[in-house]
There are 2 protein chains.
Amino acid sequence: MARLSDIIEIFLKDMLNDMHGSVEIQRNELAIRFNCVPSQINYVISTRFTNDKGYYVESRRGGGGCISIRRFNIDCAGDYLMHIISAIGDNLSQHTCEVFINNFTDYDIIAGREASLMRAALSDKALVEVPMEKRDNVRAAMLKNMMMSLTVL
Amino acid sequence: MARLSDIIEIFLKDMLNDMHGSVEIQRNELAIRFNCVPSQINYVISTRFTNDKGYYVESRRGGGGCISIRRFNIDCAGDYLMHIISAIGDNLSQHTCEVFINNFTDYDIIAGREASLMRAALSDKALVEVPMEKRDNVRAAMLKNMMMSLTVL
DNA sequence: GTATAATGAAAGTCAGAGAAAGTCAGATGT
DNA sequence: ACATCTGACTTTCTCTGACTTTCATTATAC
């Protein structure tokens with residue numbers, strides 16, 4: 001929507017695509033371009049370009065400082081998947097699942113319909129009959145299992 | 001007669017028709033337009049745009065937040081799917097799921113990868129933590145939910 | 001000439017304000 | 001009785017500004 005954060009996020013992601021997954025920006029410059037306070041840039045980065053969304057961010061302060069954003073290179077989807085699978089713990093909230101699934105689509109590991117299927121399977125609605133205290137546990141097992149099934153194909 | 005909820009319901013459904021089954025609204029804006037409290041919108045949505053009436057509702061809070069309503073696509077692959085969905089009972093063994101999934105692939109309703117995702121999600125392995133007596137029940141809910149999600153896009 | 005101090009130009013942090021939507025119990029209407 | 005409506009309160013997300021930290025460059029001291 002008209003959220004500044006979303007606009008900046010898209011701007012940076014487009015930039016990343018153009019630059020093959022690695023950009024360097026100046027915080028103040030970007031803030032001026034989008035007519036906001038510099039710390040807004042930090043907000044966008046810390047909410048949208050986190051480590052577990054597949055980004056690596058570095059920065060340098062002082063004169064001529066800058067922020068560099070790199071996207072993990074996942075040319076081998078299988079490796080990435082295995083990495084994720086092992087990183088998934090034993091409990092996953094519906095919300096955390098969403099984050100994972102969105103990443104997978106961002107990285108073209110799964111298609112839109114596949115994402116809907118996964119969301120549908122993992123939703124609280126589908127799992128309503130599973131006792132609360134087991135639900136996040138079941139979700140973790142399901143997500144792992146589903147991701148596994150993709151590495152085989 | 002002419003209850004506000006009905007008026008808002010009709011308004012939203014007209015909007016859905018105009019927008020090919022998918023709208024985004026702002027709760028407060030709508031409340032102002034109909035001169036009611038914002039929570040009235042929640043009431044309308046929760047009573048009229050439920051999942052089993054064929055709608056998907058999502059929302060985002062915070063500045064620039066919104067509510068999005070999508071209608072299942074009942075005409076395309078929909079009729080057949082809806083038929084299938086209603087044919088699925090309340091209990092499904094892993095084996096029965098297999099049969100369904102194989103049928104879906106045979107009739108080109110789902111692709112190969114989609115089938116493996118579904119098998120993975122519905123397998124006994126993924127659902128091992130779900131108590132035995134609930135498992136077939138959960139499976140039915142999951143399969144229905146997954147098939148539903150396909151009718152949207 | 002080298003070492004240190006001062007200056008300025010970045011980026012970082014964090015708490016708080018603001019802007020939505022969600023919840024729920026109770027009042028009201030039919 | 002049941003559906004509808006309201007308002008107070010909660011939660012989540014976004015945005016801002018004051019203040020801090022870090023770095024590079026330039027000026028000063030020896």
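Throughout, protein chains are lettered first and strands after them, A, B, ... in sequence-line order, and every chain is numbered starting at 1.
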Members of residues 22-38 of chain A that approach DNA chain D, where some heavy atom sits under 4.0 Å away:
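Heavy-atom cutoff 4.0 Å gives A:Cys36, A:Val37.
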
Got a sec? Which of residues 62-69 of chain A come in under 4.0 Å of DNA chain D, heavy atoms?
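Result for residues 62-69 of chain A: A:Gly62, A:Gly63, sorted by number.
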
I need the [atom1]-[atom2] distance between [X] and [N], as an integer number of Å.
X: A:Ile45; N: C:dT13; atom1: CD1; atom2: P; answer: 11 Å
X: A:Asn42; N: C:dA10; atom1: CG; atom2: P; answer: 15 Å
X: A:Leu4; N: C:dA20; atom1: CG; atom2: P; answer: 14 Å
X: B:Gln40; N: C:dA27; atom1: CD; atom2: P; answer: 18 Å

First encountered from the 5' end of DNA chain D, between A:Thr47 and B:Tyr43:
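Closest to the 5' end, via its nearest nucleotide, is B:Tyr43.
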
With a strict under 4.0 Å distance from non-hydrogen atoms of chain A, what nucleotide opens and what nucleotide closes the contacted stretch of DNA chain D, reading 5' to 3'?
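Terminal contacting nucleotides, 5' to 3': D:dC13 to D:dA24.
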
What closest approach, in Å, do B:Gln26 and B:Gly64 show between heavy atoms, and which atom pair accounts for it?
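Taking B:Gln26 first and B:Gly64 second, the nearest heavy atoms are NE2-C, 4.1 Å.
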
Could you list the donor-acceptor pairs under 3.5 angstrom formed by side chains in residues 32-45 of chain B, with sequence neighbours left out?
residue	atom	partner	partner atom	Å
B:Gln40	NE2	B:Ser5	OG	3.0
B:Asn42	OD1	B:Arg27	NH1	2.6

According to the ring-ring contact (aromatic ring centres under 6.0 Å, His included) rule, which pairs have a member within residues 107-130 of chain B, sequence neighbours left out?
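Output for this query is empty, none listed.
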
Assign A:Ser5 to base, sugar-phosphate, or nothing according to its heavy-atom contacts below 4.0 angstrom with the strands shown.
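Counting heavy atoms under 4.0 Å across all strands, the contact made by A:Ser5 is with sugar-phosphate only.
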
Assign A:Ser59 to base, sugar-phosphate, or nothing according to its heavy-atom contacts below 4.0 angstrom with the strands shown.
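The answer is sugar-phosphate, as A:Ser59 gets under 4.0 Å only of primed atoms, P, OP1 or OP2.
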
Qualifying residues under side-chain hydrogen bond (donor to acceptor under 3.5 Å, both in side chains), relative to A:Ser93, sequence neighbours excluded:
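side-chain hydrogen bond (donor to acceptor under 3.5 Å, both in side chains) check on A:Ser93 returns A:Thr96.
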
Please enumerate all residues that pass side-chain hydrogen bond (donor to acceptor under 3.5 Å, both in side chains) together with A:Ser123, with sequence neighbours excluded.
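If we apply the side-chain hydrogen bond (donor to acceptor under 3.5 Å, both in side chains) test to A:Ser123, skipping adjacent residues, the hits are B:Asn145.
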
Output side-chain donor-acceptor pairs under 3.5 Å for residues 129-136 of chain A, partner residues at least two apart or in another chain, one line each.
residue	atom	partner	partner atom	Å
A:Glu129	OE1	B:Lys134	NZ	3.0
A:Lys134	NZ	B:Glu129	OE1	2.9
A:Arg135	NE	A:Leu127	O	3.2
A:Arg135	NE	A:Val130	O	3.3
A:Arg135	NH1	A:Asp124	OD1	3.1
A:Arg135	NH2	A:Val128	O	3.3
A:Arg135	NH2	A:Val130	O	3.3
A:Asp136	OD1	A:Arg139	NH2	2.9

Heavy-atom side-chain contact between B:Leu150 and A:Arg113 under 4.5 Å
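Answer yes - side chains close enough.
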
Sequence neighbours excluded, which residues qualify as side-chain contact (heavy atoms from CB on, under 4.5 Å) partners of B:Ala115?
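By the side-chain contact (heavy atoms from CB on, under 4.5 Å) rule, B:Ala115 matches B:Ile101, B:Thr105, B:Ile110, B:Arg119.
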
How would you list, by chain and number, every residue that makes a side-chain contact (heavy atoms from CB on, under 4.5 Å) with A:Arg70, sequence neighbours excluded?
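Partners of A:Arg70 under the side-chain contact (heavy atoms from CB on, under 4.5 Å) test: A:Ser22, A:Tyr56, A:Glu58.
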
Check residues 10-21 of chain A and write down every donor-acceptor pair under 3.5 Å in which the side-chain atom is one partner and the other belongs to a residue at least two apart or another chain.
residue	atom	partner	partner atom	Å
A:Lys13	NZ	A:Glu9	OE2	2.9
A:Asn17	OD1	A:Arg71	NH1	3.0

Contacts of A:Tyr55 that satisfy ring pair (Phe, Tyr, Trp, His ring centres under 6.0 Å) - sequence neighbours left out
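If we apply the ring pair (Phe, Tyr, Trp, His ring centres under 6.0 Å) test to A:Tyr55, skipping adjacent residues, the hits are A:Phe49.
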
